[in-house]
Amino acid sequence: MSNKIGCVNSISVYALMDTKVYISYNQVHQLIKDAVEHYRINEDYKPDLMIAIGGGGFVPARILPINRCIKTFIVMMNNNHSLSFVQTPEQLSWQRSFLKRPNNKNIPIQAIGLSLYEDLGVFDAEQADAAATIGTQVVKTQWLHFGHVTCPLLGKNILIVDEVDDTRTTLAYAIQELSRDINEEKLKYIQSHPGSDVPETKLAVFVLHNKKKQKRMELPDQSIIPDGRYFAAKEVPDKWLVYPWEAIDISEHTQKSLEQEEENAI
Ligand code: 5GP
């Protein structure tokens, strides 16, 4: 049933009364673009592996390293009146609008699946002991897969991507589990390369939205936030966000998003 009850100055009341905040694809795209520039992610952190937490992190992770593939040709008329196409500098290097690697290779994306037990209906967070370990609150539904590559995480600047940091439980669990994998790789490396330095591996977090609220968990890697490796495209109040990939009617969803934007609902 629609909760649309009227219009005020061409703004429909349903958007104003809705406690949910509707996020459009345009907003997602623009947020990512602005955040990559603002945090200088290409210049400073230089990620070479993304780990997208499914399903909300998949679309943002795909947009982050988008290839624009701009092919700019200058068309020249030759003396013999034939046309030739001259490459411009833009064409010589494939353009990427957001994240890029110096060698112009795509940044690989690994997908992991994590679900809160409460979302699966088997864990009541409100009843739970606040000191409960993260592992009792999150379940792995999918994990990394690198085939036969040895130590695929070691030495990498890893960017963990999710759509929203709400209670921080999911991110904390992802980092806890990734740190465990990285430590296992370190041990393997030390055994196979005795005496040599272990390549440094860094973890960073990218989220579209960070809800300004008391978090249930802290990030297990204590250096991420103070070292500036926590990239939130936008800080938002603690409201339910509806992402465009969750929409049933994308036109209505986008319309609601536009109306809320006009009203500065977020
Ligand atoms: P956490 O509480 O662990 O930070 O967030 C767990 C997951 O809950 C997120 O990855 C996301 O999938 C989901 N979630 C939390 N808040 C919201 C929200 O406002 N909107 C949507 N669509 N999902 C949310």
Side-chain angles (χ1 to χ4, degrees), residues 15 18-29 31-32 35 50-64 109-144 159-179 203-221 224-225 229-250 252-254 256-257 260-261 265-266:
D18 214 321
T19 52
K20 296 172 184 168
V21 177
Y22 294 86
I23 312 296
S24 68
Y25 277 115
N26 276 6
Q27 287 171 339
V28 169
H29 205 89
L31 277 176
I32 292 174
M50 281 195 280
I51 296 180
I53 303 178
F58 292 169
V59 176
R62 178 61 189 88
I63 294 172
L64 273 161
I109 304 174
Q110 283 276 323
I112 61 173
L114 300 175
S115 289
L116 291 182
Y117 278 112
E118 57 198 285
D119 293 341
L120 298 173
V122 293
F123 181 85
D124 183 349
E126 301 307 320
Q127 301 294 316
D129 177 359
T133 58
I134 333 169
T136 63
Q137 299 178 27
V138 184
V139 63
K140 268 186 201 174
T141 54
Q142 183 184 339
W143 199 243
L144 305 171
L159 186 61
I160 301 164
V161 183
D162 206 356
E163 86 278 47
V164 55
D165 179 357
D166 181 16
T167 65
R168 201 159 276 175
T169 312
T170 306
L171 284 169
Y173 183 74
I175 290 166
Q176 174 189 284
E177 293 302 295
L178 285 168
S179 301
L203 293 175
V205 168
F206 183 98
V207 287
L208 290 173
H209 296 106
N210 175 35
K211 292 193 196 174
K212 287 184 280 186
K213 64 192 283 185
Q214 182 76 33
K215 302 295 184 185
R216 198 189 293 158
M217 293 291 166
E218 283 184 13
L219 300 182
D221 181 339
I224 289 178
I225 292 177
R229 285 179 281 117
Y230 178 88
F231 312 119
K234 193 165 185 177
E235 304 278 333
V236 290
D238 187 10
K239 289 186 177 179
W240 189 258
L241 307 165
V242 188
Y243 289 97
W245 46 87
E246 299 166 333
I248 293 168
D249 181 335
I250 192 63
E252 186 181 272
H253 177 99
T254 309
K256 285 180 179 178
S257 172
Q260 288 184 332
E261 202 170 38
I266 185 168

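Indexing begins at 1, ligand by ligand and atom by atom, following the structure's order.
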* Does the pair D166/R216 count as a salt bridge with the N-to-O cut at 4.0 Å? ->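 Not counted as a salt bridge, because no side-chain N and carboxylate O are separated by less than 4.0 Å.
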Mind listing the closest non-hydrogen atom pair of [X] and [Y] along with its distance?
X: V161; Y: M50; answer: CG2-SD, 4.0 Å
X: A174; Y: L114; answer: CB-CD1, 3.7 Å
X: M217; Y: T169; answer: CG-CA, 3.8 Å

* To do: With sequence neighbours excluded, tell me which residues meet side chain to side chain contact (heavy atoms under 4.5 Å, CB included) with Y230.
  =>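 Y230 satisfies side chain to side chain contact (heavy atoms under 4.5 Å, CB included) with D165, R168, V205, V207, N210, L219, I224, I225, A232 only.
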* Asked: side chain to side chain contact (heavy atoms under 4.5 Å, CB included) with S24: which residues, sequence neighbours excluded?
  ->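 S24 satisfies side chain to side chain contact (heavy atoms under 4.5 Å, CB included) with N26, Q27, T254, S257 once adjacent residues are dropped.
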* **Partner of E163 by side-chain contact (heavy atoms from CB on, under 4.5 Å), out of V28, L208, L241** =>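 Going through V28, L208, L241 one by one, the side-chain contact (heavy atoms from CB on, under 4.5 Å) with E163 is satisfied by L208 alone.
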Part of [X] with heavy atoms under 4.0 Å of ligand 1, whether side chain, backbone, both or neither:
X: E246; answer: side chain
X: D162; answer: side chain
X: I53; answer: neither
X: E163; answer: side chain

With heavy-atom distances below 4.0 Å as the criterion, list the atoms of ligand 1 near [X].
X: K239; answer: 19 (O)
X: T167; answer: 1 (P), 2 (O), 3 (O), 4 (O)
X: K211; answer: 16 (N), 17 (C), 18 (C), 19 (O)

* Asked: Among V164, I23, T169, L241, which residue places a heavy atom closest to atom 9 (C) of ligand 1?
  ->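 Answer by nearest heavy atom: V164.
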* Run down the list V207, N210, T170, V138 and name the one with the heavy atom closest to atom 7 (C) of ligand 1. =>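 The option holding the nearest heavy atom is T170.
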* N/O to N/O below 3.5 Å, does that happen between L116 and ligand 1? ->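 N/O-N/O distance below 3.5 Å does not exist for this pair.
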* Asked: With only distance considered, is Y243 within less than 3.5 Å of ligand 1 through an N or O on each side?
  ->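 No, there is no polar N/O contact under 3.5 Å.
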* Evaluate the ring planes of Y243 and H209, with Trp represented by its six-membered ring, and classify them as parallel (under 30°), tilted (30 to 60°) or perpendicular (over 60°). =>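 Because their plane-to-plane angle lies in the 30° to 60° range, the rings of Y243 and H209 count as tilted.
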